[in-house]
Amino acid sequence: MNINKKELPANEMLTARSDFVTVQSKGKKWVSNGLILQMRKNDLGIIRTGYTVSKKVDKSAVMRNRIKRRLRSVMAEVLPNATNGYDYILVGRKLTLTRPYNDLINDFKWCLKKTELYKK
RNA sequence: CGAAGGAAUCGGAUGACCGCUGCAUAUUUAUAUGGAGAGGAAAGUCUGGGCUUCACGGAAAGACGACGCUGAAUAACGUUCAGGAAGGGUUUUUUGCCCUUACGGCUAGUGCUGCAGAAAAUUAAACUACCUCUAUUGCCCUCGUGGCAUAAGAGGAAAAGGUGAGAAGGUGCGGUAAGAGCGCACCGCGAAUUUGGCAACAAAUUUGGCAUGGUAAACCCCGUCGGAAGCAAGACCAAAUAGGGGCUGCAUUUAUAUAUGCUUGUCAUAUAUGAAAGAUGCUUUCCGCAUCGCAGCUCGGGUAGGUCGCUUGAGAUAUUUGGUAACAAAUAUCCUAGAUGAAUGGUCAUCCCUUGAUUUUAUCAAGGACAGAACCCAGCUUAUAGAUUUCUUCGACAU
RNA sequence: GGCGCGGUGGCAGAGAGGCUAUGCAGCGGAUUGCAACUCCGUGUACACCGGUUCAACUCCGGUCCGUGCCU
């Protein structure tokens with residue numbers, strides 16, 4: 001987890017509700033055991049990231065926050081391998097909470113490979 | 001010592017490394033350094049306020065809603081404290097102790113009270129049963145104005161039975177044809193007076209003679225309080241696009257004047273001035289409906305987005321004083337999260353606690369309750385592993 | 001974050017202090033040569049926990065779940 005910020009490509013957070021909706025409706029989606037990846041090409045040439053954990057996953061706010069923190073950590077580790085110029089949204093599932101951390105990373109890489117956006 | 005219940009406090013500790021979000025300082029303006037970073041419930045959004053906007057000349061009443069023993073505390077409350085009353089637990093009983101209570105009024109009015117039961121609410125009703133009188137019939141004998149039983153009728157009474165949540169005070173004695181607060185004693189209830197208490201209320205005395213079944217978490221009456229909505233409140237700055245107002249120019253229709261052209265006209269084009277009378281579409285007419293342009297400048301509203309609101313406050317800690325207490329006052333010290341797709345985390349080490357295993361008093365393994373700020377306070381309610389303190393009750397053992 | 005509404009059989013849906021209607025679906029029977037339609041019968045419910053009341057699905061308080069609006 002020792003990721004230096006400088007090595008990451010320039011990226012931003014997705015904040016607006018409308019961005020999430022467009023990615024959901026017009027982008028691609030790939031489901032794995034630990035998480036769900038939604039992505040869509042943007043015209044900005046940078047990577048934008050977002051995270052979704054709904055109340056359906058867990059009623060407790062503590063658990064939802066924990067899932068979000070794990071997703072953030074996974075994103076920080078795998079992001080150098082992702083293609084530029086796309087929006088990525090990670091959706092948490094129930095298994096995200098209990099699945100071993102390395103498996104989560106592999107899940108994300110697998111999703112990227114399946115959507116043909118993985119790069120060495 | 002153990003168990004149950006009530007109340008209160010705490011809610012793993014220390015260090016290192018790597019991250020995340022504000023703040024301060026420095027400069028290279030995105031980096032470094034420093035320091036800070038969830039709770040007792042941050043939760044539910046159930047009450048009461050601050051604050052903001054809207055409404056409103058002021059006040060009161062009505063309507064609607066909430067609350068309701070008394071006194072105090074508080075900015076306020078449906079909260080808290082102290083007291084009273086009622087109910088429950090414990091105790092052989094009383095006292096005592098502990099727990100609980102939406103605890104004004106059904107003797108202001110109106111309603112409701114199923115089924116069952118004879119009868120369900122002002123002097124109610126009469127199924128069984130009771131008594132008296134009239135009187136039929138039968139039996140008995142001492143043969144009478146007799147006794148016993150009894151169909152029917154008239155009346156008395158509300159004691160007993162059964163129904164029901166509830167049957168119009170309860171128990172006992174007297175009384176009576178049988179009975180009845182009809183009378184008396186005790187108890188319950190109502191009224192008045194006196195005493196104690198700020199009061200709720202309590203006690204005593206006198207008196208009434210039972211009138212007042214229950215239900216107001218039924219309508220309602222009485223008293224008190226309340227304008228409404230909420231930080232996604234609201235204030236400010238302010239793109240793009242669309243639309244609105246104003247100004248200028250062009251365009252459209254028409255009238256007049258002038259000039260030019262040749263086809264010499266009720267012609268065409270251009271310019272100037274005035275008017276907007278109008279034009280187009282819906283096949284035509286009347287009626288009706290719809291639309292009225294283009295470019296530039298400018299004005300204000302306002303969306304996205306941003307900034308503020310935002311954390312110094314009914315503030316925290318300590319001490320003293322007043323008060324039974326809730327709480328209040330004084331003095332000193334301190335500043336202690338402020339995010340916005342939303343930070344507050346992860347790993348390791350040592351210790352603490354729990355569980356399990358090995359076997360033995362140490363090792364190994366797994367784990368650490370409920371739960372995450374979103375404008376801020378005061379409460380209430382709900383969730384909570386474990387630890388500690390304290391009160392009450394019960395049980396066991398010892399003295 | 002704030003403000004509201006609701007929870008009744010397998011499904012829909014009334015009721016409202018005194019045994020919870022009705023329709024569809026299910027099951028059994030009648031009718032029919034066999035079915036459909038029709039007729040008859042039948043089983044299964046008031047989200048949960050307390051309180052008020054003689055009596056609560058209904059009234060009151062709390063919990064859980066579902067759902068709408070404010071951007």
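Numbered from 1 within each chain, the chains take letters A, B, ... in sequence-line order.
Taking atom C1' in both B:A343 and B:A373, the straight-line distance is 11 Å, to the nearest Å. Atom P of B:A233 sits at a distance of 15 Å from the matching atom of B:G302, rounded to the whole Å. Spacing between B:G109 and B:C222 at atom P, rounded to whole Å, works out to 14 Å. B:G213 and B:G188: their C1' atoms are spaced 16 Å apart (whole Å). Here, B:A61 and B:G226 have their C1' atoms 16 Å apart, quoted to the whole Å. Of the P atoms belonging to B:A200 and B:U193, the separation is 15 Å, rounded to the nearest Å. Taking atom P in both B:G71 and B:A199, one finds a spacing of 10 Å when rounded to whole Å. B:A72 sits 45 Å from C:C69 when the C1' atoms are compared, rounded to a whole Å.
In this structure, C:G9 is classed as anti because its glycosidic torsion departs from zero by more than 90°. Glycosidic conformation, B:U298: anti, with the torsion outside 90° of 0. Glycosidic torsion of B:A235 falls outside 90° of 0, placing the base in anti. B:G223: glycosidic angle beyond 90° from 0, hence anti. Taking the O4'-C1'-N9-C4 or O4'-C1'-N1-C2 dihedral as appropriate, B:G300 has a value more than 90° from 0 and is therefore anti.
Residue A:Leu104 comes nearest to A:Arg99 through the heavy atom pair CD2-CD, 4.2 Å, listed as atom of the first residue, atom of the second, then distance. Taking each heavy atom of A:Leu35 and A:Cys111 in turn, the nearest pair found is CD1-SG, 4.3 Å. Here the closest non-hydrogen pair linking A:Arg93 and A:Ile67 is O-CD1, 3.9 Å.
The interatomic distance linking A:Tyr101 (OH) with B:U347 (P) rounds to 11 Å, in whole Å. Protein atom CZ of A:Arg72 is 17 Å distant from nucleotide atom C1' of B:C18, rounded to whole Å. Nucleotide B:G341 holds its P atom 14 Å from the CG atom of A:Asn65, rounded to whole Å. Nucleotide B:A343 holds its C1' atom 17 Å from the CZ atom of A:Arg64, rounded to whole Å. When rounded to the nearest whole Å, the span between CD of A:Glu77 and P of B:G346 equals 16 Å. B:G341 atom C1' lies 13 Å from atom CG of A:Leu90, rounded to whole Å. Atom-to-atom, OH of A:Tyr51 to P of B:A343 comes out at 12 Å; the value is rounded to the nearest Å. In this structure, the CG atom of A:Leu104 is 15 Å from the P atom of B:G346, given to the nearest Å.
No donor-acceptor distance shorter than 3.5 angstrom exists from the side chain of A:Asp107 to the backbone of A:Ser32, with no hydrogens or angles considered.
When both distances must be under 3.5 Å, the Watson-Crick or G-U wobble mate of B:G196 is B:C201. Pair assignment for B:A257 gives B:U271, based on Watson-Crick or G-U wobble hydrogen-bonding distances that are each under 3.5 Å. Under the Watson-Crick or G-U wobble criterion, with both distances below 3.5 Å, B:C247 is paired with B:G296. As the counterpart of B:C236, B:G306 is assigned, both hydrogen-bonding distances of the Watson-Crick or G-U wobble pattern falling under 3.5 Å. Remark: B:G379 base-pairs with B:C46; criterion is Watson-Crick or G-U wobble with both hydrogen-bond distances under 3.5 Å. Here B:U70 sits opposite B:A82 as a Watson-Crick or G-U wobble pair (both hydrogen-bonding atom distances under 3.5 Å). B:A362 and B:U358 make up a base pair, with Watson-Crick or G-U wobble contacts both under 3.5 Å. When both distances must be under 3.5 Å, the Watson-Crick or G-U wobble mate of B:A387 is B:U9.
Between A:Val53 and A:Arg66, the residue whose closest nucleotide on RNA chain B is further toward the 5' end is A:Val53.
For A:Thr52, no side-chain nitrogen or oxygen approaches OP1 or OP2 of B:G341 to under 4.0 Å. Here A:Arg69 does not reach the OP1 or OP2 of B:A343: none of its side-chain N or O atoms lies under 4.0 Å away.
Follow the hydrophobic side-chain contacts under 4.5 Å out from A:Met75 and you reach A:Leu97 in the same cluster. Linking ILVMFWY side-chain heavy atoms closer than 4.5 Å, directly or via other members, places A:Leu95 and A:Val78 in two distinct hydrophobic clusters. Note on A:Tyr101 and A:Phe108: same hydrophobic cluster, where clusters join Ile, Leu, Val, Met, Phe, Trp and Tyr whose side-chain heavy atoms are under 4.5 Å apart, directly or indirectly.
The strand RNA chain C forms stems, runs of 3 or more Watson-Crick or G-U wobble pairs with distances below 3.5 Å, at C:1-7 with C:64-70, C:10-12 with C:22-24, C:26-30 with C:38-42, C:47-51 with C:59-63.
Comment: A:Asp87 engages A:Arg48 in a salt bridge, judged by a side-chain N to carboxylate O separation of less than 4.0 angstrom.
With rounding to the nearest 0.5 Å, the separation of CD1 in A:Ile89 from OH in A:Tyr51 is 11.0 Å. Note that CD1 of A:Ile105 is 7.0 Å distant from OG of A:Ser73, once rounded to the nearest 0.5 Å.
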